[in-house]
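Each residue takes its place number in the sequence, starting with 1.
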Amino acid sequence: MKKIIALLLALAMVFALVACSSSSKKTEETTTAAAETTTAAAGDTTAAGATTTAAAATGEKMYIPVMAKGFQHAYWQAVKKGSEAAANDLGVEIYFDGPASETEIDSQVNMVKNELAKNPKAMCLAALSTDSVTEILQECADKKIPVIGFDSGVPGDKTGAVKATAATNNEAAAAIAADKFGENAGLVAKMKAATPDSPVVIGCLSQDAVSASVTGRTTGFVNEMSKLAETYQAGKVSVEGHTKWEKKVDKPAIIIKVEVSATTEATALQTSANSLLSTKGISAVFCSNEGAVTGFLAATSDGEDLAEGGKYAGLVVAGFDAGSAQKNAVRNGWFIGSVTQDPYQIGYKAVSLAVDAANGKSVSDVDTGAKWYDKTNIDNPDIALLVYD
């Protein structure tokens, strides 16, 4: 009997030990699992934080200041619209600004310095004076901030900061006017009938022989007009009037006369226009910028002398750029038309180049194009945006 009782007590003790061991193991497993869950949760929180940080970094827009030579003029406002459109399409942030007047060099320098202090990824610049921004350009080069020139760009930069320029190819643009002269039936008939005894004169009125844009336009017009004229009078086309473009021939049947104003003042340009208008055989005139147009219109009673029955009726005239007076002459048919730059594309392509340069891509100069407008299309939306008052 005692043996049975002892055996029963031993079995009870074994069962108790097994139960305690099982309970302890479950507690440890529960504790371990809870710890693992906490660790995993902590890991998820860290990952979420990293994702948030990455998203924030990705969401930051590339910042590019666009520093123009002016701001209020309708031309610069068209450049601004183009740059804003590019920023929207490419998902970047821009800041467009320029001085109130294109003579305020110091004002522009301060604007550019302020923007550089923000450490932009790239910068677009139409410098009023390259010398005045040389130190800024050097800082851009040192910080590897690419600079994209636009409009007249940053001519003569020696720092290497300027990677490309978005601008009008002025020679190609002015050639458009020469081509339009070549399409004018009346002028073509005169060129065909021209003789050394009665030469046809085609004038080019320019305000200077120094600035890159004006000299480029003069060159583009003269070269293209010479080529066209040669098809009617081979070997008898003479370029005269200014040594920079002069290519004289004996006994010419067609004379392309380049008239360059003594100064850029309106009165000086009017005097030069009068000189062309008084030339025997004058049949057509190209005015290479808005200043030349202004002087020419002053010499023709604001263009009314070009109207039917007027003193210079039948004269074929084309201009360049825009302005209210020039637009009026085009609308009235006193000018067969004019060439305009495309300031919208200048702004758009400048920002596009800046984004590419900031992303390490190789960039090069871009021709932003030019358009011909006349009384048939001057009010079309795509032209109206470009022809400022």
Side-chain angles (χ1 to χ4, degrees), residues 130 152-153 155-156 167-182 187 190-191 194-296 298-300 315-321 338-339 370:
T130 300
S152 57
T168 306
N169 180 326
N170 284 294
E171 289 191 24
I176 295 172
D179 289 337
K180 291 298 179 180
F181 280 3
L187 182 59
K190 287 183 178 180
M191 287 193 288
T195 66
D197 292 330
S198 183
V200 164
V201 179
I202 298 170
C204 178
L205 179 61
S206 296
Q207 73 173 24
D208 64 62
V210 179
S211 67
S213 60
V214 173
T215 56
R217 294 172 194 175
T218 305
T219 298
F221 176 79
V222 167
N223 289 349
E224 184 70 5
M225 197 68 242
S226 297
K227 184 173 73 173
L228 290 168
E230 282 285 342
T231 64
Y232 303 114
Q233 299 288 344
K236 297 179 181 180
V237 179
S238 183
V239 181
E240 304 176 6
H242 194 284
T243 54
K244 191 178 185 73
W245 294 277
E246 195 171 73
K247 291 180 182 178
K248 287 185 176 182
V249 300
D250 292 331
K251 298 181 179 180
I254 298 175
I255 299 171
I256 299 171
K257 184 178 180 181
V258 180
E259 188 74 34
V260 176
S261 173
T263 72
T264 59
E265 295 297 323
T267 52
L269 281 157
Q270 182 177 352
T271 299
S272 293
N274 281 324
S275 176
L276 276 178
L277 290 166
S278 64
T279 302
K280 184 180 179 180
I282 190 73
S283 300
V285 177
F286 169 62
C287 304
S288 63
N289 75 340
E290 187 180 358
V293 169
T294 300
F296 185 82
T300 55
L315 185 67
V316 179
V317 185
F320 203 110
D321 291 329
S338 291
V339 180

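- Under 4.0 Å is where a charged nitrogen must lie from a carboxylate oxygen, and between Lys227 and Glu224 at least one such pair does.
- In plain terms, the two heavy atoms of Leu205 and Ser272 that are nearest each other are CD1-CB, 3.6 Å.
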For a side chain to side chain contact (heavy atoms under 4.5 Å, CB included) check, start with the C-alpha distance between Phe181 and Val316, then their side-chain angles and the critical distance, and finish with the verdict.
CA-CA 8 Å; Phe181 280 3; Val316 179; 3.7 Å; yes
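- Trp245 and Thr219 form a side-chain donor-acceptor contact under 3.5 Å, judged by distance and modelled atom types alone.
- Closest non-hydrogen pair, Gln207 versus Ser288, comes out as N-OG, 4.5 Å.
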Kindly indicate, with the supporting measurements, whether the criterion side chain to side chain contact (heavy atoms under 4.5 Å, CB included) is fulfilled by Val210 and Thr215.
CA-CA 6 Å; Val210 179; Thr215 56; 5.6 Å; no
Run the numbers on Phe296 and Leu277 for side chain to side chain contact (heavy atoms under 4.5 Å, CB included), then give the verdict.
CA-CA 9 Å; Phe296 185 82; Leu277 290 166; 3.8 Å; yes
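- Sorted by first and then second residue, the salt bridge (charged side-chain N to carboxylate O under 4.0 Å, His left out) pairs involving residues 277-289 (not counting sequence neighbours) form an empty list.
- Here the CG-NZ distance, from Leu187 to Lys180, works out to 14.0 Å after rounding to the nearest 0.5 Å.
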Scan the side chains in residues 262-269 for donor-acceptor partners under 3.5 Å anywhere in the protein, sequence neighbours excluded, and list what turns up.
| from | atom 1 | to | atom 2 | distance (Å) |
| --- | --- | --- | --- | --- |
| Thr263 | OG1 | Glu265 | N | 3.2 |

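- Taking the six-membered ring for Trp and the full ring otherwise, the centers of Phe320 and Phe221 sit at least 6.0 Å from each other.
- Using modelled atom types and a 3.5 Å distance limit, the side chains of Glu171 and Asn223 yield no donor-acceptor pair.
- Taking both residues in full, the closest heavy atoms of Val260 and Ala209 are given as CG1-N, 3.9 Å, listed atom of the first, atom of the second, then distance.
- Checking side-chain atoms of Ser275 against main-chain N and O of Thr271 turns up no donor-acceptor pair under 3.5 Å.
- A salt bridge links Arg217 with Asp321: at least one charged nitrogen is closer than 4.0 Å to a carboxylate oxygen.
- Ser283 places no side-chain N or O within 3.5 Å of a backbone atom of Val200 that could act as its donor or acceptor partner.
- Val239 has its side chain out of reach of Glu246: every pair of non-hydrogen atoms, C-beta onward, lies at least 4.5 Å apart.
- The two atoms that bring Phe286 and Gly319 nearest to each other are CE1-O, 3.8 Å, heavy atoms only.
- How far CE of Met191 is from OG1 of Thr231: 7.0 Å, rounded to the nearest 0.5 Å.
- The backbone N or O of Ser198 sits less than 3.5 Å from a side-chain atom of Thr195, completing a donor-acceptor pair.
- Considering every non-hydrogen atom in both Glu230 and Gly235, the closest pair reads OE1-N, 2.7 Å.
- In this model, a donor atom of one side chain and an acceptor atom of the other lie less than 3.5 Å apart for Asp208 and Ser211.
- Distance check, rounded to the nearest 0.5 Å: CD1 of Ile202 to SG of Cys204 gives 11.0 Å.
- Across all their heavy atoms, Ile254 and Ala229 have their closest contact at CD1-CB, 3.8 Å.
- With a 6.0 Å radius and a threshold of 12 heavy atoms from other residues, nucleotides or ligands, Lys257 has its NZ atom above the threshold.
- The backbone N or O of Pro155 sits less than 3.5 Å from a side-chain atom of Thr130, completing a donor-acceptor pair.
- When side chains are defined from C-beta on, Val237 counts as touching Ile256, because their heavy atoms get closer than 4.5 Å.
- Shown here are the side chain to side chain contact (heavy atoms under 4.5 Å, CB included) partners of Glu240, two or more places apart in sequence or in another chain: Ser238, Lys248, Pro252, Ile255.
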